[in-house]
Amino acid sequence: LHVRSRRQRQMCIRDSNYVDHPDYWTNPPKNKQETLDYALDLPADFEPGEDYGYSNTNYMLISDLIDKVLGYPHQQYIKEEILIPLGLKNTFGSLSEVNIDDVMSGYYVGFEEDLKTENTGLMLATAADVGKFLRALNDGSVFNEGEQEIYSSIYVYEHTGLLVGYQSIAKYHKDIDNVVIQFNNTTNFDGYDWNLAEIVYNRIVKIVRRKKNCLLYTSPSPRDRQKS
C-alpha cells in the first residue's frame, strides 16, 4: 500500500493540467482520450519528487492504470465494492450512465457554453450520496477488516475539488457529527470563485453548528421544575 501510494503521489505531481493547452477553449475535447491528449502534449511541470501541484489529469491516468491492473473497468469494481454495499444509487461511473437533463449545468467565467456535456470520464454523484460516502469513510463502514487503520494513517477523509465548470467542498465535522456538502457550478482558476465558495461554506457550517448546539440544549420539563 505504501509503495502504491508513493507511486500515485508521483503521478499526481508530474503532468500538466489539460486546461493549460492553448486549444482547450477553442476546440474543447469531446471525450476522455482527447482530454488526455491535450495534457500529454504539454511538458511536465517538474520532475517527480521535486515539487507538488494538483492536477486533474493525473487522476484520469490513475483510472487507466487501475483498469489495466484489474483487467476490467474500474467503474465496475467501484460499483460492486462500494456503491452497491453502501446503497449509493445516485452515483455513476460516467456521463453515459445518466440522463443529461438531470446533470447540473457547469460554467467557466468568460466562457458562455454549458460544460455539462463534456465527457472526461469522471464520476458523477448527488450531494446526498457524497455525504453518505464521506460518513462511511469516517465511521469505517466502507472498509474491510484491517483497512481503516491503514488508510487512516495516510488520508484525511474529506474532499475539495475544482474542475472546469464545477467545484465542491465535502467535509465531515466530528464535533457536530454532520457532513456538509457544497456544490458550485461556476468556476475560474484565478481563485476568486474558490475563495468565495470557502466563505459561503464556512458560514453554512457555522449555521449548522449553531442549530446543532441549540438542539442539544433541552429545557427542564414542567414536572422537573416543580421538583426544584
Testing the basics here: between [X] and [Y], what is the closest heavy-atom pair and its distance to 0.1 Å?
X: Leu95; Y: Ile100; result: CD1-CD1, 3.9 Å
X: Thr187; Y: Gly165; result: OG1-N, 2.9 Å
X: Leu36; Y: Met60; result: CD2-CB, 3.9 Å
X: Phe183; Y: Thr126; result: CE1-C, 3.9 Å
X: Ile181; Y: Ala170; result: CD1-CB, 3.4 Å

Do [X] and [Y] have side chains that get closer than 4.5 Å, going by heavy atoms?
X: Val179; Y: Phe133; answer: no
X: Asn184; Y: Leu196; answer: no
X: Thr186; Y: Val109; answer: yes
X: Phe143; Y: Ile150; answer: no
X: Gln182; Y: Val200; answer: yes
X: Lys171; Y: Ile169; answer: yes
X: Lys132; Y: Leu86; answer: no
X: Val164; Y: Phe189; answer: yes

State whether the side chain of [X] and the backbone N or O of [Y] hold a donor-acceptor pair below 3.5 Å, judged by distance alone.
X: Glu147; Y: Asn144; result: yes
X: Asp67; Y: Pro73; result: no
X: Tyr172; Y: Asp139; result: no
X: Arg135; Y: Asp177; result: yes
X: Asp129; Y: Thr91; result: yes
X: Ser152; Y: Glu149; result: no
X: Gln167; Y: Asp193; result: yes
X: Asn185; Y: Ser105; result: yes

If you measure from [atom1] on [X] to [atom2] on [Y], what distance do you get to the nearest 0.5 Å?
X: Gln148; Y: Ser153; atom1: CD; atom2: OG; value: 11.0 Å
X: Leu61; Y: Ile66; atom1: CG; atom2: CD1; value: 11.5 Å
X: Thr160; Y: Leu162; atom1: OG1; atom2: CG; value: 9.0 Å
X: Lys174; Y: Asn138; atom1: NZ; atom2: CG; value: 9.0 Å
X: Tyr59; Y: Ile62; atom1: OH; atom2: CD1; value: 6.0 Å
X: Tyr166; Y: Tyr108; atom1: OH; atom2: OH; value: 15.0 Å

Honestly curious: do [X] and [Y] fall in one hydrophobic cluster under the side-chain, below-4.5 Å linking rule?
X: Val142; Y: Met123; answer: yes
X: Val130; Y: Ile204; answer: no
X: Ile78; Y: Leu124; answer: yes
X: Met104; Y: Leu88; answer: yes

With under 30° as parallel and over 60° as perpendicular, where do the rings of Tyr72 and Tyr77 fit, or are they tilted in between? tilted
Is it the case that more than 12 heavy atoms not belonging to Glu80 sit under 6.0 Å from its CD atom? yes
Evaluate whether atom OH of Tyr192 has more than 12 neighbouring non-hydrogen atoms of other residues, nucleotides or ligands under 6.0 angstrom away. no
Audit row: Lys212, Asn178, side-chain contact (heavy atoms from CB on, under 4.5 Å) steps and yes/no: CA-CA 9 Å; Lys212 186 81 171 183; Asn178 275 134; 3.8 Å; yes
Pick one: which of Tyr151, Tyr157, Tyr155 meets side-chain contact (heavy atoms from CB on, under 4.5 Å) with Leu137? Tyr157
Quick one: do the Glu198 and Asn202 side chains pair a donor with an acceptor below 3.5 Å? no
Given salt bridge (charged side-chain N to carboxylate O under 4.0 Å, His left out), test Asp102 with Lys116 step by step and report yes or no. CA-CA 10 Å; Asp102 294 332; Lys116 74 175 184 178; over 6 Å; no
